[in-house]
Amino acid sequence: MSEDPFLRLMCLGCGFSYDEALGLPEHGIAPGTRWKDIPEDWVCPDCGTPKHLFEMVVLGYAEGGAAAAVRA
Amino acid sequence: MQNAFVLRAAERGHDLIKSDGSRSSYVAGHPDGFIIRESSFNFHDYQSGRPGFGKIRVFGDEVFAGAGCGYNMHPHHNFAICAFVLQGELTHINTAGEGTVDTLRQGDYYVFSAGSGGKHSELSITRADMHAIYIWFLPSQLYLPPSYHRNHFDFRKRRNALVQLVGDEDGALPIPQDVRVSRLISDSGKPYVYRPRSSAHGTYAFVLEGALKAGDITLGRRDSAGIWGVEEILLETEADATDVLLVETIMPETSGAAAH
């Protein structure tokens, strides 16, 4: 397990967020999956924006937000 | 230390998006509707310029042409999206809370914070073109409760004054970010001083109509400038009915551009 902190990234097309800690289990990406390990041809599941147009953000979740993000 | 960039009207990204082919699921008004979008910042590859400014990621000067034109219902998260209607009539439908159907006309504006998830549709249902400015801001937190607020700017009563539309002043619409949007409609030859909250805040001045001098930068119609690292900006209008949006945003500690 890498000791680097988990990253959070936001889709610049629609605001969908990817959190390395949470992954996207409903889209086949396990929790803990690093952004660099997601295929380059992956696109935003909500709007189709390509992976390279996500921006890393340093933002916390609003109360209850992380639980909601797991169900995204 | 003062920093600045200037973006002339013609240097912006230009898109004409027709409601045809695969785009017709995104752009409403098929077959003859189309959107014209002039982008100061965004994530397209149109320019070597700025992907954003402070917390701003999109600043779109948009026209919906043709009855029924606009954006069909589509999802967002997190972004705080503002629209300022300049002409025509905008029908805005969103799913925040119990959901909203709103009609906005000249001077009306909204803040839609998509937060934990919300869909919206933006439509011009009359024959007249709908003209609006759309601004997207990064939020202060992820997955906030979605919200929608709207208000009206009455330029007849608020002429020759800097009026905060979005931010923390009395009567301004709330937004979950350290940003403020103000508007100035003024006669020619009048001086103003815009004071951002601190010198760590940048200000993006966009001239909707008329002409403006901002510090030593002269801006014409649809020209804009980002200025940061200063405690105040001296403004002077250089044409009658000059109409300006001033978007203030906290800046990253290291540079004026979005981190990329």
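In what follows, chains carry the letters A, B, and so on, assigned in the order in which the sequence lines appear, proteins first and then strands, with residues in each chain numbered from 1. These numbers come from the heavy atoms of this one structure, side chains and all, not from hydrogens, waters or symmetry mates.
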Atom pair CG/OH of D19(A) and Y143(B) - distance to nearest 0.5 Å: 9.5 Å
Contacts of residues 16-24 of chain B with chain A (heavy atom under 4.5 Å): none
From R57(B) atom CZ to M10(A) atom CE, the distance as rounded to the nearest 0.5 Å: 8.5 Å
Chain A interface, residue from P145(B), P139(B), S140(B) that has the most non-hydrogen pairs under 4.5 Å: P139(B)
Interface moiety of H76(B) toward chain A, non-hydrogen atoms closer than 4.5 Å: both
Flag side-chain contact, heavy atom, 4.5 Å: H74(B) against D46(A): no
Minimum heavy-atom distance between Q141(B) and Y61(A), given as atom pair plus value: NE2-O, 3.3 Å
Exercise: identify the closest heavy-atom pair between N78(B) and F16(A): ND2-C, 4.4 Å
Side chain, backbone, both or neither of P176(B) within contact of chain A (heavy atoms, under 4.5 Å): neither
Interatomic distance, C47(A) atom SG to Y26(B) atom OH [nearest 0.5 angstrom]: 9.0 Å
Residue among C11(A), G65(A), G15(A) with most heavy-atom pairs under 4.5 Å to chain B: G15(A)
Heavy atoms of other groups near K119(B) NZ, more than 12 under 6.0 Å: no
Nearest non-hydrogen partners of P75(B) and C14(A), listed with the distance: O-CB, 3.7 Å
Straight-line distance of L59(A) CG to Q177(B) CD, nearest 0.5 Å: 8.0 Å
